[in-house]
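Along the sequence shown, residues are numbered consecutively beginning with 1. Keep in mind the model is a prediction, meaning the values are calculated, not measured.
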Amino acid sequence: MSEGTTIPFYDVDRTYEDNYRFGPFGAFAEVLGGDAKTGVSDDQVKRAVESGAGANVSAAGACEDGEDQGTPAESFFGVPVDLPFGIPAGPLLNERYTTGAFRMGFDLAVYKTVRSRAWGCNPFPNVLAVHPTASDGILSPGSAECDEGVLADHEFETPISISNSFGVPSQDPDVWQPDMQRAMERACRGQLLVPSFQGSRVDGMTAEQYVADHAVTARLVLETGAKVMEMNTSCPNEGHNRLLCHAPDQVSTICEAVKNTIGDVPLIVKLAYLPSDDDLEYMVRVTAGRGLVQGFATINTISAKLVDANGNQALPGAGRDRSGVCGAAIKPSGLDMVRRLAGLRERLGLDFGIVGVGGVTEPADYFEYRAAGADAVMSATGAMWNPDLAQRIKQVR
């Protein structure tokens with residue numbers, strides 16, 4: 001990799017299954033010292049505290065209480081947090097990953113999207129480096145380049161952008177429920193585990209059953225003790241070519257079923273980039289405007305055709321000519337969605353939270369998102385290659 005000696009905590013050269021079994025890697029592995037379920041050693045705690053991460057971690061890996069620590073400065077949907085910055089759904093595959101994130105100072109950790117049933121991953125590889133032609137490395141949604149082809153290879157370099165082609169895999173609830181509960185218990189003072197979930201469409205399923213599956217999955221997540229939940233509508237609508245978030249009435253119906261299940265627990269909806277102001281306003285009106293949604297997280301990725309140096313399909317397998325692109329290339333689109341949502345919030349007089357996601361690789365990006373109207377900010381690609389990013393933000397805030 002061109003990123004020097006930096007080892008991403010999700011190893012892009014390993015399969016998803018190997019990452020799930022043996023990860024995380026790099027700095028996350030160092031701060032955990034092995035299996036997160038059994039705690040961390042005195043030496044690992046000392047190194048974490050000296051580096052500015054894990055200040056509330058005891059030698060047993062639990063969280064220390066004490067008035068001298070003070071009260072968390074901010075909140076995330078009513079839950080006190082030290083810094084409303086974290087890692088979104090995607091690279092935090094299980095409790096070891098989320099605990100590693102907490103120990104490295106990321107105070108918000110979104111557990112990888114789960115389903116009501118086990119679901120396989122797309123074939124390896126899932127992550128390639130993506131190189132838009134623009135001099136600044138930016139990829140614009142719906143541009144000709146997205147349809148004609150963007151170069152993707154194994155040359156990972158800054159500003160880093162990557163493919164995200166996993167297919168939203170999930171363990172069986174018998175596996176992820178107890179693991180998710182352990183992940184929540186590992187959060188220290190001022191930290192929060194946020195579960196992500198989505199419905200699953202299978203052959204022969206009716207529209208009503210698809211809605212019901214979202215509610216069933218939400219109930220399974222609720223049983224783990226979730227304080228805030230995120231529903232993913234920004235990956236392909238199962239059985240359809242377009243994203244679920246491009247069908248706002250369907251999202252509204254699903255949200256109503258989910259809220260009837262989870263009650264007062266805040267619900268965040270994860271959105272892709274919506275280019276039309278009218279479409280975005282309609283989405284807000286039929287969800288947050290009805291009291292069904294308490295916040296929006298945006299954006300996920302930008303869809304693009306990926307090609308190798310010879311112009312051939314970069315990712316192997318049928319139906320994988322296109323992939324979601326994330327990282328530095330999508331930052332302007334993420335900021336744009338945040339600004340537009342913030343404007344709608346003010347104009348419509350609604351009270352909903354905004355989580356800004358996309359292209360956050362440096363501390364300045366965090367503050368730019370906050371200035372745009374985000375109540376919280378998250379980084380996936382940036383955090384993978386910059387595991388000290390939360391610590392750096394805390395040093396300059």
Between side-chain atoms of residues 221-228 and protein atoms elsewhere (two or more places apart, or another chain), which donor-acceptor pairs fall under 3.5 Å?
{"unit_1": "Glu223", "atom_1": "OE1", "unit_2": "Gln177", "atom_2": "NE2", "d": "2.9"}
{"unit_1": "Glu223", "atom_1": "OE2", "unit_2": "Arg219", "atom_2": "NH1", "d": "2.7"}
{"unit_1": "Thr224", "atom_1": "OG1", "unit_2": "Val221", "atom_2": "O", "d": "2.6"}

Check: Trp385 ring centroid to Phe156 ring centroid under 6.0 Å: yes
Leu271-Val110 co-clustered via ILVMFWY side chain contacts under 4.5 Å: no
Considering all heavy atoms, the nearest Arg96-Pro24 contact: CB-CD, 3.8 Å
Heavy-atom closest contact (Tyr97 atom, Asn19 atom, distance): OH-O, 2.7 Å
Ser276 side chain vs Asp278 backbone, donor-acceptor pair below 3.5 Å: yes
Sequence-distant partners of Asp388, side-chain hydrogen bond (donor to acceptor under 3.5 Å, both in side chains), two or more places apart: none
Check against side chain to side chain contact (heavy atoms under 4.5 Å, CB included), Ser170 and Trp176: CA-CA 8 Å; Ser170 174; Trp176 66 251; 3.9 Å; yes
Path from Ile268 to Tyr369 over hydrophobic side-chain contacts below 4.5 Å: no
Listed once per pair and sorted, the salt bridge (charged side-chain N to carboxylate O under 4.0 Å, His left out) pairs that draw on residues 162-172, sequence neighbours left out: none
Same apolar cluster: Leu315 and Val307, side chain cutoff 4.5 Å: no
Asn164 side chain to Gly324 backbone, donor-acceptor under 3.5 Å: no
For a quick test of your reading: what N or O donor-acceptor pairs under 3.5 Å do the side chains of residues 348-363 make, sequence neighbours left out?
{"unit_1": "Thr361", "atom_1": "OG1", "unit_2": "Asp365", "atom_2": "OD2", "d": "3.4"}
{"unit_1": "Glu362", "atom_1": "OE1", "unit_2": "Arg392", "atom_2": "NH2", "d": "2.4"}

Nearest non-hydrogen partners of Phe106 and Ile87, listed with the distance: CD2-CG1, 3.7 Å
Sequence-distant partners of Arg21, salt bridge (charged side-chain N to carboxylate O under 4.0 Å, His left out), two or more places apart: none
Shortest non-hydrogen contact from Phe197 toward His214: CE1-O, 3.8 Å
Ser323/Ser165 under side-chain hydrogen bond (donor to acceptor under 3.5 Å, both in side chains): CA gap, chis, key distance, verdict: CA-CA 6 Å; Ser323 171; Ser165 179; 4.5 Å; no
Of all pairs that satisfy salt bridge (charged side-chain N to carboxylate O under 4.0 Å, His left out), the ones with a partner from residues 123-149, not counting sequence neighbours: Asp147-Arg322
Phe85 ring center within less than 6.0 Å of Tyr366 ring center: yes
Pair Asp213 + Arg115, salt bridge at N-O below 4.0 Å: no
Test applied, ring-ring contact (aromatic ring centres under 6.0 Å, His included); reference residue, Phe166; option that passes from Phe124, Tyr20, Tyr10, Trp119: Tyr10
Residues which pass side-chain hydrogen bond (donor to acceptor under 3.5 Å, both in side chains) with Arg340, listed by chain and number, not counting sequence neighbours: Asp277, Asp336
Non-neighbouring partners of Asp107 that pass side-chain contact (heavy atoms from CB on, under 4.5 Å), sequence neighbours left out: Asp82, Leu83, Gln191, Lys394
Qualifying residues under side-chain hydrogen bond (donor to acceptor under 3.5 Å, both in side chains), relative to Ser143, sequence neighbours excluded: none
Any pair counted as salt bridge (charged side-chain N to carboxylate O under 4.0 Å, His left out), so long as it reaches residues 369-379, sequence neighbours left out: Glu74-Arg370, Arg345-Asp375
Which atom of Ser161 lies closest to which atom of Ala329, heavy atoms considered: OG-N, 2.8 Å
Side-chain heavy atoms of Ile302 within contact of Cys146, under 4.5 Å: yes
For Asn232, all residues meeting side-chain hydrogen bond (donor to acceptor under 3.5 Å, both in side chains), sequence neighbours excluded: Gln198, Ser234
Nearest-0.5 Å distance that lies between atom CE in Met283 and atom OG in Ser252: 9.0 Å
Nearest atoms (heavy-atom pairs only) where Ala328 meets Ile138: O-CD1, 3.6 Å
Sequence neighbours excluded - salt bridge (charged side-chain N to carboxylate O under 4.0 Å, His left out) pairs with any residue from residues 256-269: Glu256-Arg290
